[in-house]
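As the structure is a computational prediction, the values presented were derived from the model and not from experiment. Within every chain, numbering begins at 1; the chains are lettered A, B, ... in the order of the sequence lines, protein sequences first and strands thereafter. Heavy atoms only: backbone and side chains are in, while hydrogens, waters and symmetry mates are out.
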Amino acid sequence: MDYLKGLNEAQFEAVTTLQGPLMVLAGAGSGKTRVLTMRIAHLITNGVDPFNILALTFTNKAAKEMKERIAKVVGDSDARSLWMGTFHSVFARILRSEAHYLGFSSNFTIYDAQDALNVMKKVIKDLSIDAEVYKPKKVLARISQYKNNLITVNAYFNNPELLEADERANMKMIGEIYRKYVDMCFRNGAMDFDDLLLKTNELLTRFPEVLAKYQDRFRYILVDEYQDTNHSQYLIVKALASKFENICVVGDDAQSIYSFRGANIYNILNFKKDYPDAMTVSLEQNYRSTQNIVDAANVVISKNLQQFKKNVFSENEVGEKIKVYRSLSDADEANFVSANIFELHNTQQRKFSDFAILYRTNSQTRAFEDALRKKNIPYRVYGGLSFYQRKEVKDLLAYLRILVNENDSEALSRIINYPARGIGETTQNKLIVFADSQNVPVTQVLDNLGFYAPQLGLNNGIITKLGDFWAMIKAFQVMLKTENVYDVAMEVAKRSGLIRFLKEDQTPEGISRVENIQELLNSMQGFIEEQIQVEGGDPSLSNFMENIALSADTQSNKDDDTDKVSLMTIHLSKGLEFPVVHLVGLEENLFPSFMSSSTREELEEERRLFYVALTRAEKQAFFTYAVSRFQWGKITDSEPSRFLSEVDSKYIEFINPMMEARFVNNSGVNSNIFDERPSEPRFFKKKDEKKTLERNFNTPPAKKLKPIATAKIINPSGSSSEDIEVGDRVRHDRFGVGEVTFLDGTDPQNIKAKVIFANEGEKNLILKFAKLTKI
DNA sequence: AAAAACATAATTTTT
DNA sequence: TTATGTTTTT
């Protein structure tokens, strides 16, 4: 029992108490994952069949990591037969095998957010409802709430309070929309994310024999991140656990950051009420971070009213203070961070993979990508536009979806005329209207085109095109029976004309689209190999589709475990740790987000988010904020985040020297420090990133522009230059040859030139970026 | 029916 | 700024 060594008292108790309900309150960095994995290992060594263990996590990443760690202790084969995964993936799997109970086919499609949005748009259009009042996204969010609280369409209409509330909100059509949306999903043979949980609940409540089956199978249940479960998930767990009550939930109320999607913090706060005999173990020692970091995080989180009392502490070194950097712009902020990473990499022998840049919103990534690229620092962006959300990838996937589930009209409308094959909107509408009038699925019309053709009111040319298209799909389907996923997908990509169409576009974006298709095909091959190796693996197309529908964190699996800086949102960083963390964009209205600053509850969640971010750091943490940043196409001034002022000043240290002096004089943060806001447009503030970190940023504001006669061409790296003056003939990479007619600006870094090009006409260029060469 | 031109809305976080 | 949607042109 090697694995039990080195656990502290609380951890030992959490690992070895196998019977009965158990709640583990695990502070940040207290070895939660370790406890969970050891506990599972302990269950198995004590004779529990892995097949009877269900472990639920929140992200695929967490599931994967835990599985690997368990495999190290108990061996591959036992680890594999565990039921471990996200709520969504585990229950999707169960729903597939029990789908017939609910009138679904086992090959139902899983709709991601984008698919759901498309369906919703269609619903609103079909009902001739004003999409300005009923914004599809908003309506979808509302329906999502209902689903997560198990309010079905019928329940909705039977609930006067809800009806009234929606009526008051000027949303009285919500019910109708809800009904139609659910209906459309059903007819498409599709479930959205919320359905996976809702339908599981339905399955377990309506069919006692199914409930009994899974209760008996899952004799030991473990739930990670319990504070982030929503009502729907809570009920599933409760139902499954009610027979044996061997349920272990692990969580930290201070890290609850998903209430926006229905997470209910009371699930963890009320665990004791559900299971009066429950044992509680608190893990309070943080092994991850320095004392300074832990203490600073504690101070901030203590501002929240709603929480368990906990005493998280660290016995590690005190460590360095948190460094705060005030920047002038988003670009400046990014340059600081990349310069800082560069320096620490060189002076402290830190690997690039030791660094994380954490931000509140995905849109903040761009500046950092630019800055890191400039310094040739390798990085990887997590989340954001995931690979599988790219248009070209979704297009090819839509073809494959149709092969698995013909009724998926969402996929059908995506590809029926893409690449263009002369089946336009009018034709498609006629098809749909006709199918509806006959009360049959569109696919049935296509299946029997010869029979229906006379009634369709389409000319023979179009009928032939439709027939060809559908014959092609049918041929793919036949092929799928004998050939493997990769070969079929390759054939689809070729025969559909998708690749040919994409190859016509020789712009860099076009080329990368082709590469993405290639990448998707490669990942299929990888998938097949993986599934074949595993005993009981399933290399089918539907299994592949399910895997990608439920994983947002998939890039492409190649460039793994290399030495790269990690860029991600704070939400994504949960559960991870990094020696050095840069927490950026600490500004009011950005973090805390302007969308979440109105109520105390919302603000407390933002604060927990801050807590999560800071406690990712092991050794060093840096905070940065910008005095103004470029967003919505405009420069917006911003004030430092309130969270900055909530960190006790004894834990932090300003990097900008002037700031430090002022900060010490003023322990509050609303001092004049933050008042000096630049009033000049952005390009006056661009600066040379070669200067040292300590430079002071009170660059003299650029005054009124005066025309000037000569200027230097400065390339973006700030080096080599060449004199240029009005009248010179110059060459531009894209615009070709032209003549300089006007020069503008005083700051040598920001000269603008007016150039008349032979082919392109007059352009205003900023010399720094334009890369002109004199000829 | 397809492409191009034009207009306008949007950026919170994820399974 | 970008992404998306709508209208106009070919």
Figure out the [atom1]/[atom2] separation between [X] and [N], and round it to whole Å.
| X | N | atom1 | atom2 | result |
| --- | --- | --- | --- | --- |
| A:Glu587 | B:dT12 | CD | C1' | 15 Å |
| A:Arg360 | B:dT13 | CZ | P | 7 Å |
| A:Lys465 | B:dA2 | NZ | C1' | 12 Å |
| A:Lys430 | B:dA1 | NZ | C1' | 14 Å |
| A:Tyr382 | B:dT13 | OH | P | 18 Å |

### Query
If each of A:Ile423 and A:Glu602 is mapped to the nucleotide of DNA chain B with the nearest heavy atom, which maps nearer the 5' terminus, i.e. the 5' end?
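Looking at DNA chain B, the more 5' nearest nucleotide goes with A:Ile423.
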### Task
Would you kindly compare A:Thr426 and A:Ser363 by the position of their nearest DNA chain B nucleotide and give the one closer to the 5′ end?
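The residue mapped nearer the 5' terminus is A:Thr426.
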With a 4.0 Å cut-off on heavy atoms, is [X] in touch with a base, just the backbone sugar-phosphate, or nothing at all?
| X | value |
| --- | --- |
| A:Phe87 | nothing |
| A:Asn362 | sugar-phosphate |
| A:Lys135 | sugar-phosphate |
| A:Phe591 | nothing |
| A:Lys137 | sugar-phosphate |
| A:Asn417 | sugar-phosphate |

### Task
Tell me the stems DNA chain B sits in, counting at least three consecutive Watson-Crick or G-U wobble pairs, each under 3.5 Å on both distances.
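Looking at DNA chain B, the stems formed by three or more consecutive pairs are B:1-10 with C:1-10.
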For a 4.5 angstrom cut-off between non-hydrogen side-chain atoms, does [X] reach [Y]?
| X | Y | answer |
| --- | --- | --- |
| A:Asn230 | A:Arg261 | no |
| A:Thr59 | A:His571 | no |
| A:Leu498 | A:Ile415 | no |

### Greater than 12 external heavy atoms within 6.0 Å of A:Lys503's NZ
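Counting other residues, nucleotides and ligands, NZ of A:Lys503 stays at 12 neighbours or fewer.
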### Message
More than 12 heavy atoms of other residues, nucleotides or ligands under 6.0 Å from CZ of A:Arg500: yes or no?
### Response
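Count not over threshold, so no.
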Partner set under ring-ring contact (aromatic ring centres under 6.0 Å, His included) for [X], not counting sequence neighbours:
| X | result |
| --- | --- |
| A:Tyr266 | none |
| A:Tyr379 | none |
| A:Tyr418 | A:Phe501 |

### Task
Answer with yes or no whether the side chains of A:Asn589 and A:Ser638 bring together a donor and an acceptor at under 3.5 Å.
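No pair is found: no donor N or O on one side chain lies under 3.5 Å from an acceptor on the other.
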### Message
Under 3.5 Å, is there a donor on one side chain and an acceptor on the other for A:Asn304 and A:Tyr611?
### Response
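No pair is found: no donor N or O on one side chain lies under 3.5 Å from an acceptor on the other.
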### Query
Sub-3.5 Å donor-acceptor pair from the side chain of A:Tyr359 to the main-chain atoms of A:Met568, do we have one?
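Yes.
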### Any N/O donor-acceptor pair, A:Thr361 side-chain to B:dT12 base, under 3.5 Å
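No.
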### Message
Reading DNA chain C in the 5' to 3' direction, which nucleotide is the first one with an atom under 4.0 Å from a heavy atom of chain A, and which is the last?
### Response
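So the outermost contacting nucleotides come out as C:dT1 to C:dG5.
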### Task
Measure the spacing between CZ of A:Arg93 and CH2 of A:Trp83 and express it to the nearest 0.5 Å.
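If I round to the nearest 0.5 Å, the distance is 4.0 Å.
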### Query
Going by heavy atoms closer than 4.0 Å, what residues in residues 113-128 of chain A are next to DNA chain B?
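Correct list: empty, so none.
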